Amino acid sequence: MNHNHHMHDMNHMNGTSTMPPHHPSTTPCHGGHGDHGGHGGHGGGGGSMMPMTFYFGYKNVELLFSGLVINTPGEMAGAFVAVFLLAMFYEGLKIARESLLRKSQVSIRYNSMPVPGPNGTILMETHKTVGQQMLSFPHLLQTVLHVIQVVISYFLMLIFMTYNGYLCIAVAAGAGTGYFLFSWKKAVVVDITEHCH
């Protein structure tokens, strides 16, 4: 918008403090912060305001980083698949960490002690002692995986907070698929240990 046009609009203001009608199609000053496919998320005033309602669009959708901007249906499809896989990986990582923790606890000691039972009988009660050292490779690996898990969880949260319907569905569908594929092993292990006690 050039200076003469701006002055022309200012002259037509009737002494009020309201701004003249705004026509987004004639203002190139917003650059990469468009209307999100008709949503109007980033928008007026030149500010980079996040959308606060869910919408379905693929125009000028920023994904986590300023250089990752979705502008075509193909890019949105690619982003959908990537977010879906990231959410699946997050669920798999949680289960893998639990499995690694169980495997790293091989130095389990079982201490049996007699306990008086009903009718004067003697029962043997077994206590399980699990030892793990802080300065060990398994614990260091768990720490690194924990950091990765936290970072991915925040990435997924920020992706969901774009309010883009396609990306939100990708997060939910990926998390559900990952849980379905990976957590059934966890359920079996928990069930066995419960029956052992």
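What you see is a predicted model; the values in this text were computed from it and never measured.
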Measuring from [X]:[atom1] to [Y]:[atom2], what's the distance to the nearest 0.5 Å?
| X | Y | atom1 | atom2 | value |
| --- | --- | --- | --- | --- |
| Leu93 | Phe182 | CG | CZ | 10.0 Å |
| Phe160 | Leu167 | CZ | CG | 10.0 Å |
| Phe89 | Ile148 | CZ | CD1 | 6.5 Å |
| Tyr166 | Phe54 | OH | CZ | 14.5 Å |

Taking [Y]'s backbone N and O only, do any of them form a donor-acceptor pair with [X]'s side chain (distance below 3.5 Å, no angle check)?
| X | Y | value |
| --- | --- | --- |
| Asn60 | Val69 | no |
| Thr177 | Gly174 | no |
| Asn71 | Lys59 | no |

Paired with Leu64, the side-chain contact (heavy atoms from CB on, under 4.5 Å) test is passed by just one of Val83, Thr162, Ile159, namely Ile159
All heavy atoms of Ala87 vs all of Ala170, minimum pair found to be CB-O, 4.4 Å
With sequence neighbours left out, the residues meeting side-chain hydrogen bond (donor to acceptor under 3.5 Å, both in side chains) with Glu75 are none
Exercise. Taking side chain as C-beta onward, heavy atoms only, is Phe80 less than 4.5 Å from Ile70?
Worked result: no
Contacts of Thr143 meeting side-chain contact (heavy atoms from CB on, under 4.5 Å) (sequence neighbours excluded), chain-then-number -> His139
For Tyr90, the side-chain contact (heavy atoms from CB on, under 4.5 Å) test, sequence neighbours excluded, returns Lys94, Gln149, Ile152, Ser153, Leu156
